[in-house]
Structures are given as C-alpha cells and as structure tokens.
Protein chains: 2
Amino acid sequence: MQQGPQNGSTEIGRLRPFLANLASHVHLGEADLRGIAQLVTECRKVPQRTELVQGKQQSGEVQVILSGFACRIKTLHDRRQITSYLIPGDICDHRYLADRAPDQSVCAISAVEVAHIPVEALTDLCERQPRIMRALLRVSAIDSAIAAEWMVNLGLRTAQQRVAQLFCELYARLRVVQLAGSQAFDLPLTQAELGEALGLSTVHVNRTLQDLRRREVLTFRSGRAILHDRQKLAEIAAFDSHYLGLSDPTPNEAA
Amino acid sequence: MQQGPQNGSTEIGRLRPFLANLASHVHLGEADLRGIAQLVTECRKVPQRTELVQGKQQSGEVQVILSGFACRIKTLHDRRQITSYLIPGDICDHRYLADRAPDQSVCAISAVEVAHIPVEALTDLCERQPRIMRALLRVSAIDSAIAAEWMVNLGLRTAQQRVAQLFCELYARLRVVQLAGSQAFDLPLTQAELGEALGLSTVHVNRTLQDLRRREVLTFRSGRAILHDRQKLAEIAAFDSHYLGLSDPTPNEAA
DNA sequence: CGTTGTTTTGAGATGAGTCAAGAACTGTGG
DNA sequence: CCACAGTTCTTGACTCATCTCAAAACAACG
C-alpha cells in the first residue's frame, strides 16, 4: 500500500486532480507538474470514516486527496461541525504553509486515496518555482473564501437556500476536477453529514431535500446528485460562483 | 492626511499593533520591524461606517488597521453577514498573498486609522526576509482558524454560547495588542452589529446580553465590555483558545 | 434473512425571529 | 443648557423555522 517515488508520469496520472486544481489557478508547465509529482513519497488508500489528519498534531507532510471525499471537522461537546468538504485535488490542511499544526481534523467520508508530500520538499520547490507557490497560495485563498461563504450560509440562509448553495458549490468545484457531468455528480454523503455541514438536523435536511425533489430542482439519492434545474437551484441559493475564483487562470507564461 | 514614508521610528510607533501581532507569531528583530515600517506609503484616518476595501476590487495595496475596529462583510440580498472583526494590528484582506482581489468588503465600525503597504514592496521584503513571510502566513492561517471557529459558532452553538465565545475571542485577541485590561475592554459595536456576526437578530442579542448581565458574567454597555467572570464565560462558550495560536512565538533566532 | 445504517414520517416542543412601539441615549445647533 | 432628530436599546406579544424524540420503512451486506 505504501509506495516510494515512482517515475514521474505514473505519479502525474494519480495526481491529476490535484494538478488540475492548481493549474486552474496558475498556469503550470509540464516541468512544474513533474516537479510536484516527484515529491510524493507515499500514496495510500484509507477506508471511509477514517481520520486522515488529527487536529493539533503536526506531521511535516501535506496530504492531498486523490480520490474520494473527505471533510474537515471541528467538535463541540459531542457534536460535529463540518467546516469544509474536501474533494479530489484538495489539500487536507493549509496550515502547512505557516508551519503550524492543523487546528481541525480531517476525516474520510468515502474510501479515499491520499498522497503525502513532505512539507520541506514542497517549500524548496516553491522557492525554485514561484509559480507553484502562487498556485498554492491561491488554492488556500479560495479555501478561505469558501469558508466565508459557508458563514453566510449558516448565518443568513434558510435551510432551502443552504442546501441549494451547497450543491451549487460542489457542482462547480467538481467540474474543475472533471468529476461532475453536465447535470449530475456522485456525492457519497449521508443526509446526516449534509446536516453537519449545513447546521441543520438530519430530519430537516431530509425534509428539505424532499421538497427540492418534489419541485424538480434537485434530486439527491443514494450518493448521487442530479441537478434538474441548475438555473432554479442557483436562484434559490442566490449563488454567485465568483468566490470560487474559477475564472480562467492567469495567462500562460511557459510550457 | 496622506503622508510619504517617514523615518523608521515614527512609523514603528504607529504600526505598533501590527508589529505586535506579527511578532506574536514569529520573533522579529528591530531590523525586520523597521523594514516593514518603511514600506508604509500612506496612513489615513477614515470615519466610521466607511468602506475600507471593496469586494472584487484589486488594489495592489495591503491595508492594516492601526486603531479602531472594522469588519469584513458579505451581503446576501440586503442582509449582511459579518465574517470577521478586524482589530488594531489586523490585515484587512489576506488575499493579497495570492494576488487576488478581495472577495469581501471591509467596513470601518468605529473611526479607524489604516496603513497602506504596497503589495509588491511587501513581497520583495518577504523574499529577502523569510521570517516576515512566515509571520504573514501565520497571521493568515489564524484568520482561517478563526473563520472555522465562527462556523462552529453559527452551526452548533446557542445564542448564549455564541455571545460568550465571541467575547472570549475578542478578549484574547485584544490582549495581544494590549487593548484589553485584565477584565474589560472597549468594543465600539452596536448590538445589531453583534447580531450580524453571530447570526442572531438584534432583539435576541439584546435579550441574551441582558441575561448574561443578570447572571453577572458579562456586561456589554455603551461600547465597553466587562467580563465579570471570565472563567464562567469560557465555560459557557466551551472556549478553547488554542485555535488563536497564541502560544509563544517560535524561539528567537536573531536580533 | 437478520443486522446495521440510512431515510422517512409524525407529533409536539422551542429557540429565535418579526413586528411594533416606547425608553434611553447621543450628538447638534440655537 | 435645552430642544430635537437620530440612533440604539428594551419590552411585549405573537409567529415560525427548525429541533427532538420516536418509530417505521428501506437498503445494503455478509
């Protein structure tokens, strides 16, 4: 299950979502991609419900989701708040940038493949390739922007709107890594897990989903989401994708 | 009102809160401080309720709060969500690190003094002084950690707990910049503004504050907060200051 | 086919919101 | 120093979105 560094191209294959994510913000050349791929020291599969990162525990490695879904979690008493969903291509914890221990734990929702990259090696690479540093900073900035949007969700939106906005967001993010079709995508979450992210009880998530289904806007069933009417969904959510920074990457600089 | 670069020491005086903030995470020497101070191109006072930063508008400058209070805001329809409070020493928007336009606007709550620092000059300085870069990244990481904690607030805590946690947080943060006494601090917010941050209606904030006052835990009145019983307040909030990263800075490296 | 986890339903409870109006401040100008 | 206008804070009464509890209906799976 553990594997040493491979020849670049194999790793590039596995890392595709991550590289796509980075490249969607800053144009990266073949050399950059290979450079990143070569830093991967380990690639492991973890079963669902496993803790990938323990809060308050520094590790010297960055973990990147290659496949499957995970989430960041904060716990209060015995209740959990999901502070973000991690999809393929996402970095588990951005605090490595500041050389700090994570303040949240990360938990696999489905079975997940993660790549490990030593922080030090990554930092070195960044020094040599500022483009890569920029890409990492942008990814991190977007992470913050998503957090802000989630605060709006929790603070201002109704249950309907929260669900709608979350599905809009996930659709947009999954498209970047080619994991969403034109109107559907896989999303291996339970309604309980949706509730933990949206600040709603499971029961209420259920009722809200039923309603959206009845209105033929969104169907979410057995791990698959179908957006029957994206227009309408975005309207309900008052969704403005701007915060996801999905505009075109800064113009090409080199190949 | 606008001022060119001054000799270092004057600027260091004004910038004290910012420098204290940075230095609380990474030890910085005199030279570092002076270096930062010299980058300030402008120092302006703005009246309360002024917009300091416009969302979606890139400016090439970082703004730092020197005195007074401000907040970041996201708007939905015509309702506002305050996504963070900015106190002296805080950076208005961290997206400069990623060369991106801010995605939130920043608004002065009280009259505020802000320093402007050109991003480019700052970036240059960071390249020469990695310690400074590290400090900036940590400050930004803490900003994210605060955001996560606010999500817990909005998603999991009751009105009581939200208010309690917010006051605990502000107390801790204000202490860093020497703006909180042992059990009281100035906080020029209205109850409505508290509500916009906490996801509560003004009326409910009012009732909650009254309750905390009656129980002799916290008094918040005419812009001043008195924490009669910090212990109790922290208990109510289930406050764990860990996320603020207030531990001692990494050990001294140079002067 | 029993076990376990997830989704649905129903019914009743409640925290927080809304609306509306009055009281208490704050600052301003005469 | 007072009167006035504009906020901000309080209160009361009523509504409502969402929660809790509890049990039933489904699914998935070895």
Side-chain angles (χ1 to χ4, degrees), chain A residues 47-50 69 76-82 107-111 153-166 186-214 218-226 236, chain B residues 47-50 69 76-82 107-111 153-166 186-214 218-226 236:
Chain A
Q48 59 178 326
R49 311 277 148 111
T50 317
F69 286 69
L76 187 68
H77 305 305
D78 55 323
R79 323 196 60 214
R80 311 192 315 166
Q81 174 68 38
I82 292 181
C107 197
I109 290 178
S110 63
N153 240 8
L154 293 164
L156 250 32
R157 287 195 248 250
T158 65
Q160 284 265 337
Q161 298 172 319
R162 291 183 207 188
V163 171
Q165 117 72 225
L166 181 60
D186 287 321
L187 186 70
L189 299 179
T190 66
Q191 296 182 357
E193 285 160 339
L194 276 177
E196 287 177 323
L198 296 171
L200 299 170
S201 68
T202 308
V203 173
H204 206 245
V205 167
N206 181 278
R207 296 191 162 120
T208 307
L209 285 173
Q210 282 181 58
D211 193 36
L212 289 168
R213 200 183 302 147
R214 219 172 301 121
L218 161 72
T219 299
F220 175 60
R221 218 161 208 166
S222 43
R224 188 161 179 80
I226 304 171
I236 293 174
Chain B
Q48 59 179 323
R49 312 276 148 111
T50 316
F69 285 70
L76 186 69
H77 303 308
D78 55 324
R79 325 197 59 215
R80 310 193 314 167
Q81 174 69 38
I82 292 181
C107 196
I109 289 178
S110 63
N153 242 9
L154 294 164
L156 251 31
R157 287 195 247 250
T158 64
Q160 285 265 337
Q161 299 172 317
R162 290 183 209 189
V163 171
Q165 116 73 223
L166 181 59
D186 287 321
L187 186 72
L189 299 178
T190 65
Q191 297 183 356
E193 285 160 339
L194 278 177
E196 288 177 322
L198 297 171
L200 300 170
S201 68
T202 307
V203 172
H204 203 68
V205 169
N206 181 278
R207 295 189 163 122
T208 307
L209 285 173
Q210 283 181 58
D211 193 36
L212 289 169
R213 200 183 302 148
R214 219 173 297 121
L218 161 72
T219 300
F220 175 59
R221 218 162 209 165
S222 43
R224 189 161 179 83
I226 305 173
I236 294 173

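Residue numbers start from 1 in every chain, and the chains themselves are labelled A, B, ... in the order their sequence lines are given, proteins ahead of strands. Just the heavy atoms: all of them, side chains too, but no hydrogens, waters or symmetry mates, feed the values below. This one's a predicted model, so the numbers in the text were calculated from it and none came from an experiment.
If you check every strand for non-hydrogen atoms under 4.0 Å, A:Arg79 touches sugar and phosphate atoms only. Across all strands, B:Leu209 comes closer than 4.0 Å to no nucleic acid atom at all (heavy-atom distances). Within the nucleic acid shown, B:Gly199 comes within 4.0 Å of sugar-phosphate atoms alone, with no base atom in reach, counting heavy atoms only. Among the protein residues, B:Arg213 comes within range of the sugar-phosphate backbone only, with heavy atoms under 4.0 Å from sugar or phosphate atoms but none that close to a base. At the heavy-atom level, B:Arg221 lies under 4.0 Å from the strands shown only through sugar-phosphate atoms.
For the side-chain contact (heavy atoms from CB on, under 4.5 Å) criterion with B:Val163, the lone passing option out of B:Leu209, B:Ile236, B:Leu194, B:Asn153 is B:Leu209.
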List every contact pair, protein side and nucleotides 10-15 of chain C side both N or O, where the distance is under 3.5 Å.
residue : atom : partner  : partner atom : Å
C:dG10  : N7   : A:Arg207 : NH2          : 2.4

What's touching nucleotides 27-29 of chain D from the protein side, N or O pairs under 3.5 Å?
none

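With sequence neighbours excluded, no residue forms a side-chain hydrogen bond (donor to acceptor under 3.5 Å, both in side chains) with B:Arg162. Among residues two or more places apart in sequence or in another chain, the salt bridge (charged side-chain N to carboxylate O under 4.0 Å, His left out) test is passed with B:Arg221 by none. Among residues two or more places apart in sequence or in another chain, the side-chain hydrogen bond (donor to acceptor under 3.5 Å, both in side chains) test is passed with B:Gln160 by B:Asp211, B:Arg215. With sequence neighbours excluded, the residues satisfying salt bridge (charged side-chain N to carboxylate O under 4.0 Å, His left out) with B:Arg80 are B:Glu196. For A:Arg49, the salt bridge (charged side-chain N to carboxylate O under 4.0 Å, His left out) criterion is met by A:Glu193, not counting sequence neighbours. A search for side chain to side chain contact (heavy atoms under 4.5 Å, CB included) contacts involving A:Ala192 returns A:Thr190, A:Thr202, not counting sequence neighbours. Residues that satisfy the side-chain hydrogen bond (donor to acceptor under 3.5 Å, both in side chains) test with A:Asp186, not counting sequence neighbours, are A:Arg224. Partners of B:Thr219 by side-chain hydrogen bond (donor to acceptor under 3.5 Å, both in side chains), not counting sequence neighbours, listed by chain and number: B:His228.
In this structure, B:Arg214 atom CZ and D:dT11 atom C1' are separated by 12 Å, rounded to whole Å. The separation between A:Arg157 atom CZ and C:dG17 atom P is 17 Å, rounded to whole Å. One interatomic measurement links the two molecules: CD of A:Gln160 to C1' of D:dA17, which rounds to 12 Å at whole-angstrom precision. One interatomic measurement links the two molecules: CG of B:Asp211 to P of D:dC9, which rounds to 18 Å at whole-angstrom precision. What separates CG of A:Leu154 from P of D:dC19 is a distance of 11 Å, to the nearest Å. Rounded to an integer number of Å, the gap from B:Leu156 CG to D:dT18 P is 16 Å. The distance from atom CG of B:Leu212 to atom P of D:dT10 is 13 Å, rounded to the nearest whole Å. Between the CD1 atom of A:Ile109 and the P atom of C:dT6 there is a distance of 12 Å, given to the nearest Å.
For D:dT11, the OP1/OP2 oxygens have a side-chain nitrogen or oxygen of B:Gln210 closer than 4.0 Å. Taking 4.0 angstrom as the limit, A:Asn206 places a side-chain polar atom (N or O) nearer than this to OP1 or OP2 of C:dT8.
Nearest heavy atom pair, residue B:Pro47 against residue B:Ala108, reads O-CB, 3.8 Å.
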Walk me through whether A:Leu76 and A:Gln81 qualify under side-chain contact (heavy atoms from CB on, under 4.5 Å).
CA-CA 8 Å; A:Leu76 187 68; A:Gln81 174 68 38; over 6 Å; no

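For the atom pair CG (A:Leu212) and CZ (A:Phe220), the distance works out to 12.5 Å, reported to the nearest 0.5 Å. Interatomic distance, A:Ile109 CD1 to A:Ile82 CD1, rounded to the nearest 0.5 Å: 5.0 Å. Note that CG of B:Leu218 is 9.0 Å distant from CD1 of B:Ile226, once rounded to the nearest 0.5 Å. Distance check: B:Gln191 CD to B:Arg207 CZ gives 11.5 Å after rounding to the nearest 0.5 Å.
Residues of residues 190-197 of chain A having a heavy atom closer than 4.0 Å to DNA chain C, listed by number: A:Thr190, A:Gln191.
Rounded to 10 degrees, the angle between the two end axes of the helix from C:dC1-D:dG30 to C:dG30-D:dC1 is 40°, with five pairs used at each end.
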